[in-house]
Structure formats: C-alpha cells, structure tokens
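Written below as structure tokens is the structure these notes are about.
Values reported hereafter were calculated over all heavy atoms of this structure, with side chains retained and with hydrogens, waters and symmetry mates removed.
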Amino acid sequence: THAHTHTHTHTHIDTHAVCSLVASPLFFRSAAKVTGWLLSPHPVCVCLCVSAAARSAFQTSWLFWKHNVAEATLQYLRQYGDVVGVVLNNRRGLLLADRDEANKVLKSKHFHQRPGCDAGLEELGMLNQGIIWNNDTDQWKALRKQVFQKALNSKSLEQMVPVAVRITLQTMGLMLRENTSVDMKRFFRSVTVQVTCELFFGLSLASQDANLSDASSPLHTSTHASSARCCSVDRLLLLVENYFSAWQFLLFRHPWKNWWRPAYWKHRAASLALRVECRQILEACRDNDTPFMKHLREQGLSEEQNAQCLLEMLLAGTDTSSLTMYFTLLALSTRGSVQARLHNEIEATLKDEETWEPSTQTLHKLELMRNALYEGMRLKTVGPVIMRQASAPVQVAGQQLQPGDFVIISNHTMHRQAQLFENPDEFDIDRREWKLEGSMENFRPFGAYDKGCVGQHLAMLEMKAVMATVLRLWRFEKPDQTSRLEDLCTRWDVANVPVGSCQLVSRRLAQPETQNVLLIGPQSVGKTTLREYLQKTPPFSKWATICEVAREIMAEQDMRMRHASTERWALLQRHVFAAQHEKEDKLHEKEVEKSFVSDRSLIDPVAYWFHKCSQDIGKEEWIDTWHGREGVKRYRRWQQACLVLIRPREEFIHDDGTRVVESYDEAMEFFTVFLQLLKNAKLPFTTLTCASLKQRRLQVLGACGLPNDGEA
C-alpha cells in the first residue's frame, strides 16, 4: 500500500483501509480539522497484520501499549499539536489540548459517559455502578444527586473542618519530628483517609500501631460500639493504592486477552481485596447516621451497589486531595520565602479564632493558600487527563463523532500553555490569572459542569484546613534524595502518583505557651496509667498533675459507686465536678499559670450522671450547669485544653468489684455518652484507639501541637 497525502480525510474505518491508515498516521497541528486517524495496537484491539512499509507508523502508535493513556496522550500532543485523531480500543477518538474545544466537550450533554472496556470495568466493580465510571446515565444522575451531592452539602463542609484539624494534629504527633525526614505523601494520605472514613462513614480507623499483617485488625465506629473488624489506616491505604494500579491496568484491557499475564491476576486480586474490604466497612457502618450513609440507605440499592458507592467515596476522598497537598508542599519546600508568607497569612487570619478549628468563612479568607494549592494542581494535576465518551452523534474540532467514540482532554498540556498562563512553568502564588474573572475556564483540575468533581468544594476546604494546621506549626525543606516539583517523575495510575522519594525534612516553627492535657473516658481505659507514663517523659515531666479526684471524694464520704443510690450517685458527681473545677482554677490563676496533665475533666462527672441518672432526675439543671461553667468554656480554647478521649479496648476491661463498668459493652455505652457530650458542646477532642503507651503519647503530642521528639 502507499501512504495517503495529508489532504485526505478518513471518516470511518473499514478492513480495506486499515493498512493505509496505519501506514499514514495523519495528525494535524491546528484545531480546525482532523486529517487522519491513527490506529492504536492496544491489547484490547483486534490484532492486525501490516506491511513492512507500514511498520514504522505502527510502532509510532505503540505508545498506548508501551506507556498508558495519560503518557501516550501527552507525547502525541507534544508531537502533533492541540488536536490529534486516534483509534483506540477499536473506537475513534480525539486527544485535545485546545481550551475552547475542551470546554465544549465538558459542557455537552452528550459526553456524560467515559470510555473503557466493559469486562475490565466489571472486574473493578464500576460497570454501571457508582458514579465515577457509570455509563448508565439515568442511574449515574440519580446517585450523584440523591447521595453524593446531598452528602456533600454545606453542613458537611462545616462538620469536616474540626474533623480534619483534629486528625491532622493527631497524625502530626505520630509522624513529625524536629529536623527529621518524613514521608509527606504518606502523611497526607493518612489524614485524608481518616477524614473520609469518619466524616462520611462514621468510622474511626485503628491506629498505625495495629498489626498490619492482619487484614482483620479492628475498625471502630465513631458513634457507637461495633463488633465489625476491618483494617488499619496503613493497610487500607495499601489496598487503595493497589486498587488504583489495578484500575489503570484493567480500564482498557479485556480480561480474556490477558488471563495468561501474571500482572492481570495481581491486579484482579487487588481490585477484589478493596471491594471485599468495603463490604466489611459497609456492614460496620450500615446504621450510622452520617449524611452519606443515610442517603445511601434511602436509595434501596443492592449490597454490591452500596459497597461500590462507598468504595468510590473512599477513592475520591483519599488520593486526589492528599497528592495535591504533597505536590504543593514539595514546591514550597524549595521556596522558603513563600512558606513564610503563607505562615504569616495563616497567623494573621486565624489569630482571632478561639480554637484550632477555624470556621469555613475564615478558611475562605486564605487567598494565598488557595493560590498555592491552585499552582500545585496546575503544575502537577492529579488527574492529568479527562476522558469522555459520546452518547450521541456530536461534532468536535470539525469531526463527527459517533456514539462510543471518545475524547481525551490533557489537563497537563492545557495548564502549561503560554497563551493561557504567563510563565506557565513557574510556581507563582501571585499569578494574576487567579484574580481574573473567567480564569477558571483555563483551569480544569476537577473537571467541570455536570460531570465535574462533585466534592471539589469540600476538597478545597479540607486542603486549606490541613495545610493551615501543618504550616502554622512546621516548615519543610527538601532533602537531596527528593526531586523538585519541576523534576518530579510521576506514574499514571488513573491519578498522578509520584515516583521515588517523598521525604521532606520537618522543622518546628511554633510552640504553644500554655497547654493542658485532660484524659477522659470510661473506667478501665488506662487514663491513670497513661498520665503516669506521660509524667515520666518530656515535656509532661515538668507539668503539674490533677489526679484521683473522684477517689478522694469517695473516700471522704465513704461511698462505693457500684451500690450507691441514684440520689447518692448524683450528689457524688456534683462534688466531683466542683472539686475538679476548683483544682483547674487554681492552676489557671495568673500567678501560677502552669500547664497540667489530668486523668479526669469536668466532662467525666456529667457523662456519668447522664448515663446513670438521666432517667430519674431532670436533665435541665445539669445541662445548664454543664454549658454555663466557665471551666467548660475554656476547654474550647486550644491554648488551654487538649481533650483526649480514650476508647475502651476489650482486653483492658476487668471487674474489680468496685468499678461501675463491669463489661466491654457497658464501657462502650459510657464512651458513646462522652462522644455525644463533646459533640453537643462543640468541643475539640482527639480519640485514642491504640493500645501501646508509646503510641498514645505520640498521639497526645500531636493533639497538643507539640513536636514528636521520639522519646519512648
């Protein structure tokens, strides 16, 4: 066969034209007209025989097999221009980096579907399920509107901020140390996966000191006891990471054509592992009252569909935000002056906040922080390509596409075009484009319009809350083994994943002037043991102590709690409340002003009263006392109180004949009362779920905003 000239246009593919098409990979450099289509020998395409004359062109299209969709798209656009015609998976398609054409596609009602191999999507659980790759348009619209949009409303935004700040402080205690390298990609992923599980599923993951070799290590509900057993933070992150790799592998590959490859069986097992895990999570949180779980129950979907929706919320809530924050922090690590400006903006904006949990309105004022995140997303977009599939005949870039034909938009290319962004390769938080009306038309990290990211507003708020918490206390530098953002190599596993070291060196910036730690929770959770342990290690060894308040009152009045009448019980809690309040007041006097560790707080007597007496004595008096006390009000200030709620562990509960708590189930009932009181009073707190004293100490350090010094 002989090559066609560049003026010939192919409008369809047939077997007689195949060799000519392959021999002539006709692309064009403008958006005006596609002059030819390149056939890709992707593994899911029908194998074709070509002549020797066509071999070089056939090798050119091999990029889709040699690399992946995102990398091949980038290389073709670099070589041939802003609009490139290809044939992939036996379908015609366009690769786009032209802003106007891309926005037409994103706005079109005919591009609500995404391309992919049905058999591969079925292996992933995404075939006509969930919302990410669900090509059943009616079902996708219903799930998006009735479940995901309702779960991501303004109330969820407000609830997310305290959860994100608390988990960030707790994770800082576990992972950040002075002048030490830390894997910040893992740090951010640990934060986002915990925020997602708690906010949307009502679950608190087991801490990192759990047995990671056991896939059934405990997962705890945030609102009530649960006997379900699932995985820890680190193991769940590993399952999510492996699922993303499987997603990339199976998306365009037909299983029966790859059954002989070990990689297929590895990725198939990875997909199945996360799907099974999500079924266990669904079982654990089925009755939780989070908006997401509530709206999911209302749809009356099958168990498999419910588990897939939960899985996709987990995927969307974990990697996109965490990787964006890592890319942004990596850029900041080589720009000390920019870090300093962000720190100053955070301090100036949050200085009037009473706690470390700023309001959504306050976070919206962090304009430089927003610009820094935008720049991180622009230079290293986590979703470097946007894929759409036509559901009806439609014209794009002068070409008529049929149902099933596809378009791939390259965010990576579009976000670096000089005609759209001045000095496009520079990280510039003062970029004027972010101030111009309509500039977001050039910037599509979340997609746009009907098919855009449903959680983009929550994601931006979450990233601001986490980054503000981290940069308020720490600054970061890039060690030699870590690449600069400009030189960073990434791998496309549907999300853009950094390759190589993700270590950054953390250095302490701020230290709170006054801090108090109050350990709270039911009996037999280890409060006294942890207090004694803390006082043997810095900085707590120099702090004052409040301890055994209830035992002192009981000894004075010769009371035994287990057998006390309701009236005597109520009287005891009033005395304990007053005694605890008096001891805290003495340490808060100006001439003393000393930090302290206490194994009790003003919350404990109220929790015990609610649990034991609320049916017999009117609640109103205690509620008024609870909310009216100045001592409780000061708990809202991070500088004055760090509330640490310890979750019961079954192996720690024992009946010594005098304790009120006689069983694990009763301990969990008390724990639920503590949770409800803290949430109703809008008090910031950290929950400890780990067993070892060392891990508990690290979490307390993080909750206080104190550096992890590595002391055992």
task: Return the orientation label for the Phe443 and Phe421 ring planes: parallel under 30°, perpendicular over 60°, tilted otherwise.
output: perpendicular
- prompt: Do side-chain atoms of Thr362 reach the backbone of Pro358 as a donor and acceptor pair under 3.5 angstrom?
  reply: no
query: Can you tell me if Arg335 uses its side chain to pair, donor with acceptor, with the backbone of Ala331 under 3.5 Å?
result: yes
field: Backbone of Asp430 reached by a side-chain donor or acceptor of Asp428 within 3.5 Å
entry: yes
Pro424 backbone acceptor or donor facing Arg378 side chain under 3.5 Å: yes
message: Parallel, tilted or perpendicular: which one describes the rings of Tyr374 and Trp434, with boundaries at 30° and 60°?
response: tilted
- prompt: Is the shortest heavy-atom distance from the side chain of Gln194 to the side chain of Val163 under 4.5 Å?
  reply: no
query: Is a donor on one side and an acceptor on the other found under 3.5 Å between the side chain of Gln456 and the backbone of Cys453?
result: yes
query: For the atom pair CD1 (Ile281) and CE (Met293), what is the distance rounded to the nearest 0.5 Å?
result: 10.0 Å
query: Which class fits the ring pair His112 and Trp140: parallel under 30°, tilted 30 to 60°, perpendicular over 60°?
result: tilted
task: Indicate yes or no for a side-chain donor-acceptor contact from Gln503 to the backbone of Pro479 under 3.5 Å, with no hydrogens or angles considered.
output: no
message: Quick check against the 3.5 Å criterion: does Asn516 have a side-chain atom that pairs as donor or acceptor with the backbone of Phe596?
response: yes
message: Just so I know, are the side chains of Trp492 and Val497 near enough to count as touching, which here means a heavy-atom distance under 4.5 Å?
response: no
message: Within the structure provided, determine whether Val644 and Leu518 are in side-chain contact (heavy-atom separation under 4.5 Å).
response: no
field: side chain to side chain contact (heavy atoms under 4.5 Å, CB included) between Leu314 and Leu236, worked out
entry: CA-CA 10 Å; Leu314 181 64; Leu236 188 56; 4.0 Å; yes
message: Side chains of Ser108 and Tyr449, heavy atoms from C-beta outward: is any pair under 4.5 Å?
response: no
message: For Thr324 and Ser321: C-alpha separation, side-chain torsions, deciding distance, then whether side chain to side chain donor-acceptor pair (under 3.5 Å) applies.
response: CA-CA 5 Å; Thr324 294; Ser321 298; over 6 Å; no
query: At what distance, to the nearest 0.5 angstrom, does OG1 of Thr318 lie from CE of Met313?
result: 10.5 Å
field: Shortest non-hydrogen contact between Met172 and Leu473, atoms and distance
entry: CE-CD1, 3.4 Å
statement: From the list His343, Glu347, Gln339, side-chain contact (heavy atoms from CB on, under 4.5 Å) partner of Leu471 resolves to Gln339
query: Do Phe244 and Asp319 come close enough that some side-chain heavy atom pair is under 4.5 Å?
result: yes
message: Rounded to the nearest 0.5 Å, what separates atom CG in Leu332 from atom CE in Met467?
response: 5.5 Å
message: Please give me the minimum heavy-atom distance between Ser322 and Arg189, naming the atom from each residue.
response: OG-CG, 3.2 Å
query: Taking Thr482 as the fixed residue, which of Ser333, Ser181, Ser501 is the one that meets the side chain to side chain donor-acceptor pair (under 3.5 Å) rule?
result: Ser501
query: Hey, mind stepping through Asp234 and Arg186 against salt bridge (Lys or Arg N to Asp or Glu O under 4.0 Å) and telling me if it holds?
result: CA-CA 9 Å; Asp234 285 345; Arg186 178 173 171 264; 3.1 Å; yes
- request: May I have the step-by-step check of side chain to side chain donor-acceptor pair (under 3.5 Å) for Asn153 and Ser156, ending in yes or no?
  value: CA-CA 5 Å; Asn153 56 23; Ser156 295; 3.3 Å; yes
field: Worked verdict on Lys150 versus Gln146 for side chain to side chain donor-acceptor pair (under 3.5 Å)
entry: CA-CA 6 Å; Lys150 286 185 177 180; Gln146 299 300 326; 2.9 Å; yes
- request: Start with the C-alpha gap between Phe187 and Tyr326, add the side-chain angles, then the distance that decides, and say whether ring-ring contact (aromatic ring centres under 6.0 Å, His included) holds.
  value: CA-CA 9 Å; Phe187 173 89; Tyr326 171 70; over 10 Å; no
query: Can you list the steps and then say if Leu96 with Ile408 is a side chain to side chain contact (heavy atoms under 4.5 Å, CB included)?
result: CA-CA 6 Å; Leu96 295 180; Ile408 300 177; over 6 Å; no
- prompt: Just wondering, do Tyr243 and Leu238 contact through their side chains at under 4.5 Å, heavy atoms?
  reply: no
task: Mind running salt bridge (Lys or Arg N to Asp or Glu O under 4.0 Å) on Arg431 and Glu422 for me, showing each step along the way?
output: CA-CA 8 Å; Arg431 187 174 294 281; Glu422 187 178 349; over 6 Å; no
query: Should Glu441 and Arg99 be marked as a salt bridge (Lys or Arg N to Asp or Glu O under 4.0 Å) after you check the CA-CA gap, both sets of side-chain angles, and the distance that decides it?
result: CA-CA 8 Å; Glu441 293 284 322; Arg99 179 197 62 181; over 6 Å; no
message: Using 0.5 Å steps for rounding, measure from the NE2 atom of His295 to the CG atom of Leu143.
response: 13.0 Å
- request: Can you measure from CG (Leu342) to CE (Met369) and round to the nearest 0.5 angstrom?
  value: 5.0 Å
query: Looking at Gln170 and Thr687, what are the two nearest heavy atoms and their distance?
result: OE1-O, 3.4 Å
message: Is the ring pair Phe540/Trp543 parallel, tilted or perpendicular, if the boundaries are 30 and 60 degrees?
response: perpendicular
field: Distance, nearest 0.5 Å, that separates NZ of Lys141 from CG of Asp450
entry: 7.0 Å
message: Just so I know, are the side chains of Leu74 and Pro384 near enough to count as touching, which here means a heavy-atom distance under 4.5 Å?
response: no
- prompt: Can you find a side-chain donor-acceptor pair between Thr171 and Thr168 that sits under 3.5 Å?
  reply: no
message: Is it true that, when you exclude His457 itself, more than 12 heavy atoms of the residues, nucleotides or ligands shown sit nearer than 6.0 Å to its NE2?
response: no
message: Between Asp289 and Lys294, does the salt bridge (Lys or Arg N to Asp or Glu O under 4.0 Å) criterion hold? Intermediate values first, please.
response: CA-CA 6 Å; Asp289 293 328; Lys294 178 182 176 182; over 6 Å; no
query: Between Thr196 (side chain) and Val193 (backbone), is there a donor-acceptor pair under 3.5 Å?
result: no
query: Is there a donor-acceptor pair closer than 3.5 Å between any side-chain N or O of Glu101 and the backbone N or O of Ala397?
result: yes
- prompt: Any side-chain heavy atom of Phe188 sitting closer than 4.5 Å to one from Leu329?
  reply: yes
Ion pair check, Arg475 and Glu477, cut-off under 4.0 Å: yes
query: What's the shortest heavy-atom distance between Val494 and Gln248, and which atoms?
result: CG2-N, 3.8 Å
query: Got a donor-acceptor contact below 3.5 angstrom from the Asn344 side chain to the Ala340 backbone?
result: yes
message: Would Arg507 pass as a cation-pi partner of Trp474, given that its NZ or CZ must be under 6.0 Å from the six-membered ring centre and within 45 degrees of the axis?
response: no
task: For residues Ser506 and Arg177, report the shortest heavy-atom separation together with the two atoms involved.
output: OG-O, 2.7 Å
task: Carefully, step by step, assess Lys464 and Leu373 under the rule side chain to side chain contact (heavy atoms under 4.5 Å, CB included).
output: CA-CA 8 Å; Lys464 284 183 179 180; Leu373 291 166; 4.2 Å; yes
field: Contact summary for Thr360 and Glu158, nearest pair of heavy atoms
entry: CG2-CA, 4.0 Å
